[in-house]
Participant: 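Once you've had a glance at the structure underneath, I'll fire off some questions.
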2 protein chains.
Amino acid sequence: MQLHKRDVVEAATSLLDDYGIADLSMRRLARELEVSPGALYWHFANKQQLLGAVADRVLQPVGAPAGDWRTRVAGICAQLRDALLSHTDGAELVSASFAAGQSAVMADVLGRLVDAAVDAGVATANAELTARTVVYYVLGFTVDEQSRRQWDAAGAELSEGPSLLTDDPGARFDFGVQLLIEGILARRAQRV
Amino acid sequence: MQLHKRDVVEAATSLLDDYGIADLSMRRLARELEVSPGALYWHFANKQQLLGAVADRVLQPVGAPAGDWRTRVAGICAQLRDALLSHTDGAELVSASFAAGQSAVMADVLGRLVDAAVDAGVATANAELTARTVVYYVLGFTVDEQSRRQWDAAGAELSEGPSLLTDDPGARFDFGVQLLIEGILARRAQRV
DNA sequence: ACCTGAACACCGTTCAAGT
DNA sequence: ACCTGAACACCGTTCAAGT
């Protein structure tokens with residue numbers, strides 16, 4: 001039976017969920033699909049490109065929220081974080097794929113953030129950087145959050161009851177998002 | 001002659017500068033030092049730890065600027081970016097080591113940013129996140145900047161003269177730093 | 001204490017050759 | 001068009017044994 005891109009991405013995603021990004025290798029993926037390693041290179045130019053496709057699969061649930069620019073920025077951030085946390089090492093995967101310019105969906109998300117920045121009144125010359133700043137925050141925060149989560153999901157029962165200092169990642173995340181939104185507000189209508 | 005940690009880190013840094021992070025392997029480093037691969041594991045527990053030591057070497061020039069909190073934040077950001085741009089793939093290396101919790105110097109830098117945030121009036125519960133947000137920005141921005149720089153340092157003479165859209169990375173970097181500073185200002189004196 | 005030698009268990013990628 | 005088989009050129013890490 002023929003191998004399709006979609007099957008490959010599907011298998012890669014379940015490998016990711018079950019064993020994490022360190023064990024998501026081309027050879028192991030090929031083994032799982034019962035094909036030779038070389039077969040994957042008919043469908044994908046290299047591993048980076050394949051990981052980019054997996055990243056886009058992870059990002060499928062991220063939509064285009066409506067509302068004023070603040071609502072949209074906050075909505076995109078929240079949806080992004082949720083999507084990343086839904087897969088083992090999702091934040092790390094998407095972060096790497098974004099940096100490598102291999103995620104089409106991240107490019108779309110960036111575009112929506114650019115629109116929101118423009119609507120906020122940021123000069124077009126600065127809108128892209130404003131959008132990137134938001135993305136850097138969401139990825140950085142979530143990579144960190146996820147590695148901590150996964151770290152004490154192992155070694156679980158040894159830890160103290162309600163974790164240290166009433167840790168509420170959601171609230172912490174929102175604090176940063178609001179910081180950025182206020183920063184955007186302050187930098188709007190900047191003379192180019 | 002005895003192999004010391006400092007020699008290893010020195011050799012690793014020059015391998016980094018000459019060939020980039022992808023070619024900085026334990027085996028290649030051992031070959032350069034004319035020891036067996038196993039010898040490195042007497043001095044470092046694993047590759048992550050060694051890379052952390054290299055990251056700290058890269059970060060040596062980053063100091064503790066004086067002044068009011070805004071000046072300190074801006075100064076730390078600028079020094080951090082300069083240090084990262086001074087070595088091939090420096091931003092990527094430090095970003096990875098920071099995420100893995102392997103850079104002592106980044107921990108120090110974070111501490112100074114926490115102090116600045118507290119001085120700005122951010123509640124202590126939010127100061128760490130505020131500091132991390134700044135770090136996420138500097139690392140994200142500089143990884144991106146450096147990959148672009150290195151990409152068109154190859155394929156050089158083919159490109160247009162003054163690059164696209166009067167690209168001034170320094171000015172763009174400062175815009176983001178100011179956005180963050182204004183965000184911090186807006187979120188100071190937050191009720192805990 | 002510090003290092004070698006050799007092994008273990010892998011990698012990503014390419015490419016002639018097959019169907 | 002799509003895939004196999006086999007190779008190429010590597011990895012990180014461990015560990016008995018040597019000095």
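Just so you know, these numbers use all the heavy atoms, side chains as well, and skip hydrogens, waters and symmetry mates. Predicted, not measured: the structure shown is a model, and the values here were computed from it. Below, read A as the first sequence line, B as the second, and so on, with proteins coming before strands; counting in each chain starts at 1.
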Participant: Grab the CG-C1' distance between B/Asn46 and D/dT14 for me, whole Å please.
Facilitator: 13 Å
Participant: Please give, in whole Å, the distance from C/dT13 P to A/Trp42 CH2?
Facilitator: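 My rounded result for the distance is 17 Å.
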Participant: Roughly how many Å is it from CG in B/Leu51 to C1' in D/dG12, rounded to a whole number?
Facilitator: 12 Å
Participant: Once you round it to whole Å, what is the distance between C1' of C/dC11 and CG of A/Leu29?
Facilitator: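 Taking atom C1' of C/dC11 as the reference, CG of A/Leu29 is at 14 Å.
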Participant: Does NZ or CZ of A/Arg28 lie under 6.0 Å from the centre of the six-membered ring of A/Tyr19, at an angle within 45° of the ring axis?
Facilitator: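 Checked: cation-pi criterion met.
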Participant: Round to the nearest Å and state the distance from B/Tyr41 atom OH to C/dG5 atom P.
Facilitator: 18 Å
Participant: Can B/Arg81 and B/Glu145 be counted as an ion pair, charged N to O under 4.0 angstrom?
Facilitator: yes
Participant: Taking the same atom, C1', in D/dA17 and in C/dA1, what whole-Å distance lies between them?
Facilitator: 15 Å
Participant: Taking the minimum atom-to-atom distance to the side chain of B/Pro37, which one of D/dT13, D/dG5, C/dT4 wins?
Facilitator: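 Shortest atom-to-atom distance from the side chain points to D/dT13.
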Participant: Of all the choices, D/dG12, C/dT14, C/dC3, which nucleotide is nearest to the side chain of B/Leu3 once you look at every atom?
Facilitator: C/dC3
Participant: So which nucleotide from D/dG12, D/dT4, D/dC2 ends up closest to the side chain of A/Val35?
Facilitator: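 Among D/dG12, D/dT4, D/dC2, the one nearest the side chain of A/Val35 is D/dT4.
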Participant: Check A/Asp115 with A/Arg72, please: is the shortest side-chain N to carboxylate O separation under 4.0 Å?
Facilitator: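 Salt bridge between A/Arg72 and A/Asp115, a charged N being under 4.0 Å from a carboxylate O: no.
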Participant: Name the pairing partner of C/dA16, where a pair is Watson-Crick or G-U wobble with both distances under 3.5 Å, or state none.
Facilitator: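 Check on C/dA16: paired to D/dT4, both distances under 3.5 Å.
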Participant: Can you check the B/Leu33 CG to C/dC3 C1' distance for me, whole Å?
Facilitator: 13 Å
Participant: Would you indicate which nucleotide in C/dT4, D/dC11, D/dC3 comes nearest to any side-chain atom of B/Ser36?
Facilitator: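 Of all the options, the side chain of B/Ser36 is nearest to C/dT4.
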Participant: Quick one: pull up OG1 in B/Thr71 and CD1 in B/Ile181 and give me the separation to the nearest 0.5 Å.
Facilitator: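 It comes to 8.0 Å.
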Participant: Out of C/dC3, C/dC11, C/dG12, which has the shortest distance to the side chain of A/Met26?
Facilitator: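 For the A/Met26 side chain, the nearest candidate turns out to be C/dG12.
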Participant: Does C/dC2 have OP1 or OP2 sitting under 4.0 Å from an N or O in the side chain of B/Gln2?
Facilitator: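 For C/dC2, OP1 or OP2 has a side-chain N or O of B/Gln2 closer than 4.0 Å.
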Participant: Measure CZ/A/Phe44 against C1'/D/dC3 and give the value in whole Å, please.
Facilitator: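 Going from CZ in A/Phe44 over to C1' in D/dC3 covers 15 Å.
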Participant: State which of C/dC11, C/dC3, C/dT4 makes the closest approach to the side chain of A/Ser25.
Facilitator: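 When the side chain of A/Ser25 is considered, C/dC11 is the closest of C/dC11, C/dC3, C/dT4.
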Participant: For the pair A/Asp56 (side chain) and A/Val105 (backbone), establish whether a donor and an acceptor sit closer than 3.5 Å, ignoring hydrogens and angles.
Facilitator: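 Confirmed, A/Asp56 side chain pairs with A/Val105 backbone.
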Participant: Distance check needed: C/dC3 C1' versus B/His4 NE2, whole Å only.
Facilitator: 13 Å
Participant: Taking only Lys NZ, Arg NE, NH1 and NH2, and the carboxylate oxygens of Asp or Glu, determine whether A/Glu10 and A/Arg57 approach each other closer than 4.0 Å.
Facilitator: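 Between A/Arg57 and A/Glu10 there is a salt bridge, with a charged N closer than 4.0 Å to a carboxylate O.
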Participant: I want to verify a distance call: between C/dT14, C/dC11, C/dT4, whose nearest atom is closest to the B/Ala39 side chain?
Facilitator: C/dT4
Participant: Assign each of B/Arg31 and A/Glu34 to its nearest nucleotide of DNA chain D by heavy atoms, then name whichever residue's nucleotide is nearer the 5' end.
Facilitator: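 The residue whose closest nucleotide sits nearer the 5' end is A/Glu34.
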Participant: Taking C/dA9 as the reference, what is the distance to D/dC10 when you measure between their C1' atoms (whole Å, please)?
Facilitator: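 Roughly 14 Å separates the two C1' atoms.
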Participant: For B/His43 and B/Arg27, take the nucleotide of DNA chain C holding the closest heavy atom to each; which residue's nucleotide lies nearer the 5' end?
Facilitator: B/His43
Participant: Take B/Ala45 and B/Arg28, find for each the nucleotide of DNA chain D with the closest heavy atom, and name the residue whose nucleotide sits nearer the 5' end.
Facilitator: B/Arg28
Participant: Suppose we define a pair by two distances each less than 3.5 Å, Watson-Crick or G-U wobble; what does C/dC10 pair with here?
Facilitator: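 Pairing partner: none.
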